[in-house]
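Naming: A, B, ... by sequence-line order, numbering from 1 per chain. When reading the values below, keep in mind they use all heavy atoms of this one structure, side chains included, and skip hydrogens, waters and symmetry mates.
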Number of protein chains: 2
Amino acid sequence: MKKKEAILKVATVLFATKGFADTSTQELSRLTGAAEGTIFYHYKSKERLLLVILEKTRDDIVDQFGRFLESRSFVSGIEMIEEVVSFYLYLAGLMENQFQLLHRHFLYKFSESNPEFRKNLEAIYNCLVDFFEKAILTGQEDGSIASDVHPRKSALILFTMVDGVVRFKNDNLYDAGALFNELLKSSRRMLQAH
Amino acid sequence: MKKKEAILKVATVLFATKGFADTSTQELSRLTGAAEGTIFYHYKSKERLLLVILEKTRDDIVDQFGRFLESRSFVSGIEMIEEVVSFYLYLAGLMENQFQLLHRHFLYKFSESNPEFRKNLEAIYNCLVDFFEKAILTGQEDGSIASDVHPRKSALILFTMVDGVVRFKNDNLYDAGALFNELLKSSRRMLQAH
DNA sequence: GGCGAAACTGAGTGTGCGCTCAGTTTTTCT
DNA sequence: AGAAAAACTGAGCGCACACTCAGTTTCGCC
């Protein structure tokens, strides 16, 4: 079971950083010490290998966010927003390669023809956006978030804002740390009741 | 001069939608009616073709935003924010393929080894973020935007928020039109002075 | 019309790719 | 220990790729 895991691990990094088409099974073989045949013995094709990586990514993210929500209790909706945003950034650092992978266009190309890809991507995005929405709804109940905010749409916008900062970091365009405080302030201002 | 243009046009669409590695010069030849040799006669290599496309994209974006700013006058900074956001979404629709291209990771891969790519990408992002920043600074002068907002950092966050909505549309994840009003409301709330 | 330059052609070349398969080693279980 | 199953190997296959080049057509100008 050693080679199988090694292939998964190395492929995650390479697919995320170099891309799918630009990563050859030959390179994968060289870096893992497994023969090329071994890759195709465990995962039937390069595309199926990518699918298994995506499935694992979904499991990891759903699991991590689930445990985060269980372990915490929040004093108000607006505080919960801050904590969810912070946790998102923390997780994007912890699982850097997997978050990078989610930003790669080839996943969306495959999901056009392969419903397995789409299913997993939808599960991930629904999970993430749901947490933002849950926080907004909580805040609207306790009065800390403005009632004229559309919960789902604002959750999507908030999500894309936070995810954009992760992108800045991963693409080496801007230091995410330097934007952290301003991001929390912006989230708060965007949603807060007066 | 007919084939040269056709190659550029078709390559822009294919690189943006299918990706760089997944677009072959053979396919490019078939769709343009030009022989494969013609592609390499006009553009020395596939990579140089991509660079020329990026340069044209930079020119187009800088030109369009420049003319937008000249033709308009704004009653306040916060109004300017709304108009710049709206124009960004409008332009992303008008130049859909070029904006899609800017979201592709291979551009950032090339810019790691080829400074020409980086130069052009920086020019584009600086141009775009500068407009947001300019609007924020204007608003802070006329009092319509809160003074405790960091102009550059907030411009970056605003940019990534708007660009994220464009991504939703281009990746068919969510209808950008449905988010338009909420996006304007969010931008306003995020920056507005009280 | 003639001539040099620019545009264009497409068969050909070497290379690297994903993947197969017949065979070998390692593990598991009685 | 021995047999069956699982894991692993790597040479080899067919194919598609980016790119070349010697030759042909079209264009611009006097």
Side-chain angles (χ1 to χ4, degrees), chain A residues 1-56 101 104-114 116-117, chain B residues 1-56 101 104-114 116-117:
Chain A
M1 280 293 167
K2 208 64 184 306
K3 301 250 159 123
K4 193 174 175 182
E5 278 171 33
I7 292 163
L8 203 80
K9 212 171 210 166
V10 173
T12 305
V13 178
L14 292 187
F15 288 167
T17 54
K18 298 188 34 149
F20 183 75
D22 289 331
T23 299
S24 68
T25 49
Q26 194 189 125
E27 188 176 6
L28 222 37
S29 155
R30 190 164 38 79
L31 290 174
T32 54
E36 263 193 271
T38 308
I39 296 168
F40 292 92
Y41 168 73
H42 286 300
Y43 311 94
K44 287 181 15 179
S45 68
K46 209 179 145 191
E47 183 176 332
R48 291 257 317 170
L49 170 57
L50 178 63
L51 184 57
V52 173
I53 290 170
L54 181 60
E55 281 165 355
K56 181 171 163 23
L101 188 73
R104 297 293 163 255
H105 189 245
F106 52 80
L107 286 182
Y108 305 89
K109 273 268 115 195
F110 281 125
S111 72
E112 281 171 20
S113 56
N114 187 335
E116 299 267 355
F117 279 89
Chain B
M1 282 291 168
K2 207 63 182 307
K3 302 252 159 121
K4 192 174 175 182
E5 278 170 33
I7 292 163
L8 203 79
K9 213 171 211 168
V10 173
T12 305
V13 177
L14 293 186
F15 289 167
T17 55
K18 298 187 33 147
F20 183 75
D22 288 331
T23 299
S24 68
T25 50
Q26 193 188 127
E27 187 177 7
L28 222 38
S29 155
R30 190 165 38 80
L31 290 173
T32 54
E36 264 193 271
T38 309
I39 297 168
F40 293 91
Y41 168 72
H42 286 299
Y43 312 95
K44 287 180 14 179
S45 68
K46 211 180 142 189
E47 183 175 333
R48 291 257 318 167
L49 169 57
L50 178 63
L51 183 59
V52 173
I53 290 171
L54 181 61
E55 280 166 355
K56 182 173 163 22
L101 189 74
R104 298 291 163 255
H105 189 245
F106 52 80
L107 284 181
Y108 305 88
K109 272 267 116 194
F110 281 124
S111 73
E112 281 170 20
S113 55
N114 187 335
E116 297 269 354
F117 279 89

Discussion item. Below 4.0 Å from chain A heavy atoms, what is the first contacting nucleotide of DNA chain C and what is the last?
Written reply: C/dC17 to C/dT20
Worksheet item: Is A/Ser24 touching bases, backbone alone, or none of the nucleic acid, heavy atoms closer than 4.0 Å?
Response: sugar-phosphate
Worksheet item: How would you label the contact of A/Glu36 with the nucleic acid (heavy atoms, under 4.0 Å): base, sugar-phosphate, or nothing?
Response: base
Might you point out which heavy atoms bring [X] and [Y] nearest each other, and give the distance in Å?
| X | Y | result |
| --- | --- | --- |
| A/Ser29 | A/Ala34 | OG-O, 2.7 Å |
| B/Leu101 | B/Leu107 | O-CD1, 3.2 Å |
| A/Ala21 | B/Ala21 | CB-CB, 3.6 Å |

Practice prompt. Give me the residues of residues 39-48 of chain A where at least one heavy atom lies under 4.0 Å from an atom of DNA chain C, by number, or none.
Written response: A/Phe40, A/Ser45, A/Lys46
Worksheet entry | Proximity to DNA chain C (any heavy atom under 4.0 Å), residues of residues 12-23 of chain A only |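 Going residue by residue through residues 12-23 of chain A, the ones with a heavy atom under 4.0 Å of DNA chain C turn out to be A/Thr23.
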Practice prompt. Pull out every residue in residues 104-111 of chain B that has a heavy atom closer than 4.0 Å to any atom of DNA chain D, ordered by number, or say none.
Written response: none
Item to complete: Using the six-membered ring wherever Trp is involved, compare the ring planes of A/Phe110 and A/Phe117 and label them parallel, tilted or perpendicular (cut-offs 30° and 60°).
Response: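 The arrangement is parallel - the two ring planes meet at less than 30°.
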Practice prompt. Using side chain to side chain contact (heavy atoms under 4.5 Å, CB included) as the criterion, list what pairs up with A/Ala11, not counting sequence neighbours.
Written response: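 Listed in chain order: A/Phe15, A/Leu28, A/Leu49, A/Ile53.
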Let me confirm one number: the [atom1]-[atom2] distance from [X] to [Y], rounded to the nearest 0.5 Å.
| X | Y | atom1 | atom2 | result |
| --- | --- | --- | --- | --- |
| A/Thr12 | A/Leu54 | OG1 | CG | 10.5 Å |
| A/Thr17 | A/Arg104 | OG1 | CZ | 8.0 Å |
| B/Lys4 | B/Ile39 | NZ | CD1 | 13.5 Å |

Response to the item:
Here the distance between atom C1' of D/dC19 and atom CG of B/Leu49, to the nearest Å, is 14 Å
Response to the item:
Assert: residue with more 5' nearest nucleotide on DNA chain C, out of B/Gly33 and A/Gly37, is B/Gly33
Item to complete: Any pair with a residue in residues 12-40 of chain B that passes salt bridge (charged side-chain N to carboxylate O under 4.0 Å, His left out), sequence neighbours left out, goes on the list, sorted by first then second residue, please.
Response: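 Non-adjacent pairs meeting salt bridge (charged side-chain N to carboxylate O under 4.0 Å, His left out): B/Lys18-B/Glu27.
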Worksheet item: Going by the salt bridge (charged side-chain N to carboxylate O under 4.0 Å, His left out) test, which pairs reach into residues 42-54 of chain B, not counting sequence neighbours?
Response: none
Fill in: Residues forming a salt bridge (Lys or Arg N to Asp or Glu O under 4.0 Å) with A/Glu116, sequence neighbours excluded
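Counting only residues at least two positions away or on another chain, A/Glu116 forms a salt bridge (Lys or Arg N to Asp or Glu O under 4.0 Å) with A/Lys119.
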Item to complete: Sequence neighbours left out, what passes salt bridge (Lys or Arg N to Asp or Glu O under 4.0 Å) with A/Lys9? Give chain and number order.
Response: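 Here no residue qualifies.
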Worksheet item: Can you list every ring-ring contact (aromatic ring centres under 6.0 Å, His included) pair that touches residues 33-52 of chain B, not counting sequence neighbours?
Response: none
